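What you see is a predicted model, and the numbers here were worked out from it, not measured in a lab. Convention: sequence-line order gives letters A, B, ...; per-chain numbering from 1.
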Amino acid sequence: MNDYNFAYLDEQTKRMIRRALLKAVAIPGYQVPFASREMPMPYGWGTGGVQVTAACLTPEDVLKVIDQGADDTTNAVSIRKFFQRTAGVATTEHTGEATLIQTRHRIPETTLHEGQILVYQVPIPEPLRFLEPRETETRKMHALEDYGLMHVKLYEDIARHGVIATAYAYPVKVEGRYVMDPSPIPKFDNPKLSDSAALQLFGAGREQRIYALPPYTTVVSLDFEDYPFEPTKADHACALCGSAESYLDEVIMDDAGGRMFVCSDTDYCATRRAEQDKSSAKI
Amino acid sequence: MTPLLQVRGLTKRYGARIGCADVSFDLWPGEVMGIVGESGSGKSTLLNCLAGHLAPDAGRVIFDTRADGSRDTVTMPEPERRMLGRTDWAFVHQNPRDGLRMGVSAGGNVGERLMAVGARNYGGIRATALDWLGRVEIAADRVDDRPSSFSGGMQQRLQIARNLVTGPRLVFMDEPTGGLDVSVQARLLDLLRGLVRRMGLSAIIVTHDLAVVRLLADRLMVMKSGLVVESGLTDQVLDDPQHAYTQLLVSSVLQV
């Protein structure tokens, strides 16, 4: 078919990544170090996610790639083309049909089902990084479950802004043990992490870490008793499909203050619009 | 009554050199012990070994814990020692920048220990933080300011509040008044003396300033080259020094 090994990486590398993945699934939320490879794309473009996807892909898989919810942005298009070329797998834009979804910073609106794998691209896997710069110390804090510092960050948010202003990469606790950075997904998506039927894998290429949430894992967003966690979104309905439930992108229309809010999940929005067209055509 | 802290034969070496050697003493509840000596005499090494920041090469440090009585903190598992470090113990650094989080507001600094032991109510944490800022004479409207905007004396007082908020029983202080000018020093000492007496704290204070130990300490240990050369009641040691080095130390103090 072509000169690449199936899904670009050589078999030994995939084996190494699979071993890290198995360990990550066995200890939900724990960051497993792995020997991240140079990929033919810059760091920050999803090198970690791509390696995890490459290690999980089989020729029968149907791949979907999204970037901030959209199927048609640069990052999504180039990663999808990369795997079309190196693995020759079928691709789709429909969440329900995909067996493996690589995502950058969103969880699809459509509820995932059993057998699906969701692969996240992670820039900074360490939730304590900006609070404690030493890696030796953060590892010790994870080992000893010393997570008071995480709440100091939330305290600072409330003291400064009156509410927990952290809007993305909102820290979560996995199965009552490890505090985990869910990658920079909006906190609107945090509830979808918990008890998901799909397997969720997180790959950080530059930082060389893999972590995972097996299906039906309990994931709790950190908060205070008197300032409970709240998933937030723009207070509008989608201008295209009218959905009031989905997470919205704000699009600036002109330089006179014009703006519109549209679903960030393009597949969800397009599916809803197609259904609306069908039902209006019937009438 | 059992001593709060029993130290037996504590030794720490840095390669061939001695940090501190064969130090033994008892600290009783409510007692304040001063450790004086010139720089390089092993005072800070000793304090760091006692507080669990350094692992001693030999000796035992037995602390009378609230839950399970006397425990050797040297052989204790690290999670327990850390827990002790934020509940029953407190450590006041010489430089407040070492003991504070400079990027976090004053309230967050005071609240950190509370959150580390499981406080999850924002209103409660904030009320406690405000109460403690008041006790160390920091105005309530500075609660959301970062320590980097505080003066040196205020930073040191904030560090003390942050350490005492969980009601520790033993406070380690490493030159708490070093780097402050004399009038600020005097106020800080006043404050410390008040807090120590009111809360019935035990404390170990390392300093080279004899005036500080005269004011705060009940008992005194004089160290030289890693060894304890003299110990006794503060007034007794300062007014009637026996060892040649102590005599030198006492006679070196400038009289104004």
Check: Salt bridge check: are Lys192(A) and Asp189(A) linked by an N-O gap of less than 4.0 Å?
Finding: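 Yes, this pair counts.
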Note to self: For Arg82(B), is there an ion pair with Asp146(A) - N to carboxylate O distance below 4.0 angstrom?
What the structure shows: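 Judged by the 4.0 Å cut-off on N to carboxylate O distance, Asp146(A) and Arg82(B) do form a salt bridge.
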Checklist line | Distance-only polar pair, side chains of Ser264(A) and Arg106(A), donor-acceptor under 3.5 Å | finding: yes
Margin query: Please classify the contact of Arg113(B) with chain A as side chain, backbone, both or neither, using a heavy-atom distance under 4.5 Å.
Written below: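 Neither part, no heavy atoms under 4.5 Å.
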Checklist line | Donor-acceptor contact below 3.5 Å, side chain Thr166(B) vs main chain Pro168(B) | finding: no
Note to self: Looking at Asp26(B), is its backbone amide N or carbonyl O close enough to the side chain of Gln6(B) to form a donor-acceptor pair, meaning the two atoms are under 3.5 Å apart?
What the structure shows: no
[X], part contacting chain B, at a heavy-atom distance under 4.5 Å:
X         : value
Ile158(A) : both
Tyr155(A) : both
Leu222(A) : neither
Lys140(A) : side chain

Notebook entry, point to check: Do you know which of Val143(B), Val104(B), Asp144(B) has the most heavy-atom pairs under 4.5 Å to chain A?
Noted result: Val104(B)
